Amino acid sequence: MGKVKLKYFSRVREIIGKPSELIEVKSKNLQDLIEELQSMGEQYSVLKGEHFVVYSAVDQNMVTDFKASIEGATEIAFFPPMTGG
Amino acid sequence: MGKVKLKYFSRVREIIGKPSELIEVKSKNLQDLIEELQSMGEQYSVLKGEHFVVYSAVDQNMVTDFKASIEGATEIAFFPPMTGG
Amino acid sequence: MNCKIIVGVQKTDFDLNLEMEALKLKTKKAGAVVFFVGKVRDLEDDKLKYLEIESFEELAKRKIKDICDDAATTWDLEYILVKHRFGRLELNDNIVLVITSSKHRKNAYEASRYIMECLKSNVPFWKKEVANNTQNWVENS
Amino acid sequence: MNCKIIVGVQKTDFDLNLEMEALKLKTKKAGAVVFFVGKVRDLEDDKLKYLEIESFEELAKRKIKDICDDAATTWDLEYILVKHRFGRLELNDNIVLVITSSKHRKNAYEASRYIMECLKSNVPFWKKEVANNTQNWVENS
């Protein structure tokens, strides 16, 4: 795969320490991507959703199956439960 | 009893032909008052509620029992079902 | 019960922005505000010329006040405003404004619906729809 | 389905009077208009300094549009408007405006509640309450 824009929001953004980054992704699904990111730094373990639920949107579609393919994706976002309204 | 201000609203007002009048009332309850008014003209028979329900408010308190006393009242209103909002 | 209650029976129109400003002075702890506006709508099969609303003003005010008191006892509310117009109103003119405000939205919604139900049949207003070919007193809905 | 839908994700505030005028141009057959306004409220036990709302703008817009489409399919509505703000908001500032309009009030009320429920948990906004002594991301309510 090529370069993918990763976006982080709210508590995820605070823990990872940046709102977005452009990285070269090798993984083919979200689960693998999270492992891949974790090798870059411990802060990325937040994405595993062990402290609070983490949602993901791939090219602006919410994804519930973290094993679904992300091939061809250009933007992947991670965020905690939403609290609008 | 003395003079009482009678008020009519909506369809009741249209049928009786005036919004209000001040009359010398002899009756001691609404039922008798309606009879008394009817002797003044057939249009007052609308108050009997045979064509549509007619409500009454005595001194601005809604009255459901037409046999309750109206002695000492200064204002008696008659009107059809309300349609606010 | 610490609910501010405002009641009006009036010919004049409402100003939603001004009402919102007035509310905010009183409801710093409220997160939810529900406005219900009833407006004059066109008829299904005839062209409305205007709506005429007749009112028994003094009694209407008292009845509305009673309804607001009931609502304030039933739901945890910070603010209730009910203003009902009478007289001749044109298509799309505002008829009634009900504002309810509460900490959480459930109370504001439920109180608003309750107040509107009561206004429909327990408060002395009567609406007459004057159209091109018809003219009739509105029935309850 | 002939329902006008308007969606906004924005920093700027709303003007209730202007929104009402815009609505009236489109809803001559609607008698009921429900406005829900969510506003910044003070905390129970600390003094709020401000509320910070973060948003994933593009996705938020799409999700709100989906919710409005759902509502327009479920209820007989003439008009739906949802505008949600983000950025720094002060005490009593407006956060969200939901307008629903229908011939009869039941549909407008129900659709408004449905849309608000969805906005609370299905649209990517996150609120952080910054107070004198605390600072925390709001949990769902």
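In the text below, chain A, chain B and the rest are named by the order of the sequence lines, each starting its count at 1. Small disclaimer: the values here were computed from a predicted structure and weren't measured.
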- Message: For the CE atom of C/M116 and the CD1 atom of C/I67, what is their distance to the nearest 0.5 Å?
- Response: 10.0 Å
- Message: I'd like to know if C/D69 and C/K65 make a salt bridge, using a cut-off of under 4.0 Å between side-chain N and carboxylate O.
- Response: yes
- Task: Using a strict cut-off of less than 4.0 Å between a Lys/Arg side-chain nitrogen and an Asp/Glu carboxylate oxygen, indicate whether C/K49 and C/E52 qualify as a salt bridge.
- Result: no
- Query: Can you name the residues of residues 84-98 of chain C that have some heavy atom under 4.5 Å away from a heavy atom in chain B?
  - Reply: C/H84, C/I95, C/V96
- Is C/K61 salt-bridged to C/E57, going by a charged N under 4.0 Å from an acidic O? no
- Task: Considering only heavy atoms, give the residues of residues 126-135 of chain C separated from chain B by less than 4.5 Å, sorted numerically, with 'none' for an empty result.
- Result: C/W126, C/K127, C/K128
- Task: Tell me, for C/E58 versus chain B, whether the close heavy atoms (under 4.5 Å) come from the side chain, the backbone, both or neither.
- Result: both
- Query: Side chains of C/S101 and C/E78: do they bring a donor and an acceptor to under 3.5 Å?
  - Reply: no
- Using atom types as modelled and distance alone, determine if a side-chain donor or acceptor of B/S69 lies under 3.5 Å from a backbone N or O of B/E71. yes
- Query: Roughly how far, to the nearest 0.5 Å, is the SG atom of C/C68 from the CD1 atom of C/I115?
  - Reply: 5.0 Å
- Contact winner vs chain B - C/F56, C/F36, C/F125, heavy-atom pairs under 4.5 Å: C/F56
- Query: Relative to each other, are the rings of C/Y114 and C/W75 parallel, tilted or perpendicular (30° and 60° limits)?
  - Reply: tilted
- Query: Using a cut-off of under 4.5 Å for heavy-atom pairs, which of B/P80, B/A57, B/A77 has the most such pairs with chain C?
  - Reply: B/P80
- Can B/E21 and B/Y8 be said to form a side-chain hydrogen bond (donor to acceptor under 3.5 Å, both in side chains), step by step? CA-CA 9 Å; B/E21 58 189 325; B/Y8 312 114; 2.7 Å; yes
- Task: State whether the side chain of B/S10 and the backbone N or O of B/V12 hold a donor-acceptor pair below 3.5 Å, judged by distance alone.
- Result: no
- Item | B/N61 side, atom CG; C/K63 side, atom NZ - distance, nearest 0.5 Å | 8.5 Å
